[in-house]
Amino acid sequence: MNVTVEVVGEETHEVAVGDDGTYADLVKAVDLSPHEVSVLVDGRPVPEDQPVEVDRVKVLRLIKGG
């Protein structure tokens, strides 16, 4: 399945994920750590170990360097 991953305030990526792919896999595919972000589906956070069941997610960075 192809999933659109929007990193809020940054870029949007198209990521291919297998049938057993998790939200953590999506985060890693866009070079972020699950420890520094929250994945949102329909505006609600989802656990990183859950299987991906949608074709569009938002990733909100909680920690940003500076």
Side-chain angles (χ1 to χ4, degrees):
M1 164 189 335
N2 287 330
V3 179
T4 301
V5 179
E6 177 189 345
V7 181
V8 176
E10 297 181 27
E11 301 176 331
T12 299
H13 306 268
E14 292 293 324
V15 176
V17 63
D19 293 337
D20 59 347
T22 65
Y23 292 105
D25 295 331
L26 291 179
V27 170
K28 290 176 188 172
V30 297
D31 293 328
L32 295 171
S33 166
H35 301 289
E36 66 179 311
V37 301
S38 283
V39 179
L40 306 174
V41 173
D42 296 327
R44 295 188 173 151
V46 293
E48 66 186 52
D49 60 348
Q50 292 295 310
V52 177
E53 297 176 345
V54 297
D55 61 359
R56 185 170 186 85
V57 301
K58 288 187 178 185
V59 174
L60 181 62
R61 290 184 77 162
L62 305 174
I63 301 171
K64 197 164 189 175

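Counting from 1, the numbers follow the sequence of the chain as shown.
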Heavy-atom side-chain proximity of L60 to V37 below 4.5 angstrom:
no
T22 meets the side chain to side chain donor-acceptor pair (under 3.5 Å) criterion, sequence neighbours left out, with D25
State, with a plain yes or no, whether a side-chain heavy atom of L62 is found less than 4.5 Å away from one of S38.
yes
When every non-hydrogen atom of V27 is compared with those of S33, the smallest separation belongs to CG1-C, 3.7 Å
Salt bridge (charged side-chain N to carboxylate O under 4.0 Å, His left out) contacts in which one or both residues fall within residues 37-58, not counting sequence neighbours
E6-R56
With sequence neighbours left out, what residues match V46 under side chain to side chain contact (heavy atoms under 4.5 Å, CB included)?
Y23, V39, V41
Does any non-hydrogen side-chain atom of V15 lie less than 4.5 Å from one of V30?
yes
State which residues pass side chain to side chain donor-acceptor pair (under 3.5 Å) with T4; sequence neighbours excluded, sorted by chain then number.
E14
Reported NE2-to-CG distance for the pair H13 and L26, which is rounded to 0.5 angstrom
11.0 Å
Report yes if the side chains of V7 and T12 come closer than 4.5 Å at any heavy-atom pair, otherwise no.
no
